[in-house]
Asker: 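Take a look at this one; I'll ask things after.
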Amino acid sequence: MKKKIFIGLGILLVAVVAFVLYGALVVAKRSPAKTTEFSDKGLDIKVVYCQPYKKGRLIFGEEKDKALQPYGKYWRLGANAATEITFSKNVTFAGKPINAGSYRMYAVPGATSFQVSLNSELGVYFAVREPNYSLDVVKVDVPVTAAPAETEQLTINFASDSTGVNMNCIWDKTQFTVPIKIQ
């Protein structure tokens, strides 16, 4: 009897390990993890996210058109885990003050603007579920512009100018920019 229990537990353990490895190896390859960093004038910014691919799909659009990310719906700004952003100093995020620290970053896309939010809930893997909105620290609306070129893989990058730094999120034919300045 004990032998059958141990065999059953062994099979269960192997199945769990196989499932975890499948998730870690196969799913991660579809949307690889990426860290984007910016450093200037004592300000360090780091964004950790996963980069999904377009793969011929409609990315942003109406739900009726089967868009991967419909307008007006929560989007984790990536795939797999929740996207996280860290600031080494107090900044303004599209004009709104934010304390130094780490935040979950997500968006709600629209045809002409994206609402980008920072939330204090961290460490969320498989972030398909919506965040606890009561933990939102800030919400900003930023305009959508046409991407310089059609982009197959979601990309978040930084570009500095005389006023601060711009965080650019680009995917498919869509781009939005969040201006960031040291307080």
Asker: Please report the shortest heavy-atom distance between Ser39 and Asp44, naming the atom on each side.
Answerer: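 Result for this residue pair: OG-OD1, 2.5 Å.
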
Asker: For the CD1 atom of Ile59 and the OG1 atom of Thr174, what is their distance to the nearest 0.5 Å?
Answerer: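 OG1 of Thr174 is found 9.0 Å from CD1 of Ile59.
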
Asker: Transitively linked via ILVMFWY side-chain contacts under 4.5 Å: Ile98 with Val48?
Answerer: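 No, separate clusters.
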
Asker: To check you understand the geometry: which heavy-atom pair defines the closest contact between Arg76 and Ala81, and what is its length?
Answerer: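 Result for this residue pair: CD-O, 4.1 Å.
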
Asker: Out of Val116, Val178, Val47, Ile156, which residue meets the side chain to side chain contact (heavy atoms under 4.5 Å, CB included) rule with Ile85?
Answerer: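 That would be Val47; it is the only one of Val116, Val178, Val47, Ile156 passing the side chain to side chain contact (heavy atoms under 4.5 Å, CB included) with Ile85.
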
Asker: For residues 136-146, which side-chain N or O atoms pair as donor and acceptor with protein atoms under 3.5 Å away, sequence neighbours left out?
Answerer:
residue	atom	partner	partner atom	Å
Asp136	OD1	Tyr106	OH	3.0
Asp136	OD1	Asn119	ND2	2.6
Asp136	OD2	Tyr106	OH	2.6
Asp136	OD2	Lys139	NZ	2.7
Lys139	NZ	Tyr106	OH	3.2
Thr145	OG1	Gln175	O	3.4

Asker: Rounded to the nearest 0.5 Å, how far apart are OG1 of Thr35 and CD of Glu84?
Answerer: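 The CD atom of Glu84 is 10.5 Å from OG1 of Thr35, to the nearest 0.5 Å.
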
Asker: Which heavy atom of Asn80 sits nearest a heavy atom of Ser31, and at what distance?
Answerer: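 Looks like ND2-O, 3.2 Å.
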
Asker: Per the side-chain hydrogen bond (donor to acceptor under 3.5 Å, both in side chains) rule, what does the pair list look like for residues 57-71, sequence neighbours excluded?
Answerer: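 Matches after skipping sequence neighbours: none remain.
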
Asker: Run Glu152 and Tyr53 through side-chain hydrogen bond (donor to acceptor under 3.5 Å, both in side chains) and show every step you take.
Answerer: CA-CA 6 Å; Glu152 174 68 20; Tyr53 289 88; over 6 Å; no

Asker: Taking 4.0 angstrom as the limit, do Arg104 and Glu121 come out as a salt bridge?
Answerer: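 Salt bridge: yes.
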
Asker: Evaluate the ring planes of Phe38 and Phe158, with Trp represented by its six-membered ring, and classify them as parallel (under 30°), tilted (30 to 60°) or perpendicular (over 60°).
Answerer: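 Ring orientation, 0 to 90° scale: tilted.
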
Asker: Please check this pair: side chain of Gln51 against backbone of Gln153, looking for a donor-acceptor N/O pair closer than 3.5 Å.
Answerer: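 No; judged by distance alone, with no hydrogens or angles, the pair does not exist.
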
Asker: Could you tell me whether Glu150 and Lys54 have a side-chain N and a carboxylate O separated by less than 4.0 Å?
Answerer: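 Judged by the 4.0 Å cut-off on N to carboxylate O distance, Glu150 and Lys54 do form a salt bridge.
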
Asker: Would you compute the distance between atom CG of Leu43 and atom OG of Ser88 and round it to the nearest 0.5 angstrom?
Answerer: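 One finds 5.0 Å between CG of Leu43 and OG of Ser88.
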
Asker: Is the side chain of Asn166 donor-acceptor paired with the backbone N or O of Asn168 at a distance under 3.5 Å, no angle test?
Answerer: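 Answer holds: no.
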
Asker: For the side chain of Thr92 and the backbone of Ile180, is there at least one donor-acceptor N/O pair under 3.5 Å apart?
Answerer: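 No, because the side chain of Thr92 does not come within donor-acceptor range (under 3.5 Å) of the backbone of Ile180.
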
Asker: Evaluate side-chain contact (heavy atoms from CB on, under 4.5 Å) for Lys46 paired with Thr36, printing each intermediate quantity in order.
Answerer: CA-CA 6 Å; Lys46 178 169 79 170; Thr36 300; over 6 Å; no

Asker: What distance do Leu135 atom CG and Ser120 atom OG have between them, rounded to the nearest 0.5 Å?
Answerer: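 Going from the CG atom of Leu135 to the OG atom of Ser120 covers 4.0 Å.
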
Asker: Side-chain contact, heavy-atom cut-off 4.5 Å: Phe60 with Phe114?
Answerer: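 Result yes, sub-4.5 Å side-chain heavy-atom pair found.
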
Asker: Measuring from atom CD1 of Ile170 to atom OG1 of Thr151, what distance do you get when rounded to the nearest 0.5 angstrom?
Answerer: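 Here the rounded value is 5.5 Å.
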
Asker: Can you tell me how far the CD atom of Glu130 sits from the OH atom of Tyr74, to the nearest 0.5 Å?
Answerer: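 Answer rounded to 0.5 Å: 7.5 Å.
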
Asker: State, with a plain yes or no, whether a side-chain heavy atom of Met167 is found less than 4.5 Å away from one of Met105.
Answerer: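 Result yes, sub-4.5 Å side-chain heavy-atom pair found.
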
Asker: What heavy-atom pair brings Gly78 and Thr83 nearest, and what distance separates the two atoms?
Answerer: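 It is N-OG1, 4.1 Å.
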
Asker: Which label fits Phe87 and Phe93: parallel for a plane angle under 30°, tilted from 30 to 60°, or perpendicular past 60°?
Answerer: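 Rings of Phe87 and Phe93: perpendicular, over 60°.
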
Asker: Does one hydrophobic cluster hold both Trp75 and Leu68, with members joined at side-chain heavy-atom distances below 4.5 Å?
Answerer: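 Looking at the clustering, Leu68 is in the same group as Trp75.
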
Asker: For a quick test of reading the model, state the closest non-hydrogen atom pair linking Gly61 to Ala67 and the distance between them.
Answerer: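 Closest pair (atom of Gly61, atom of Ala67, distance): N-CB, 3.4 Å.
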
Asker: Please find the pair of heavy atoms, one from Pro179 and one from Thr177, that lie closest to each other, and give the distance.
Answerer: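 Smallest heavy-atom distance, with atoms named: CD-O, 3.7 Å.
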
Asker: Does either side chain, that of Asn157 or that of Thr155, offer a donor lying less than 3.5 Å from an acceptor on the other one?
Answerer: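 Absent: no donor and acceptor within the cut-off.
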
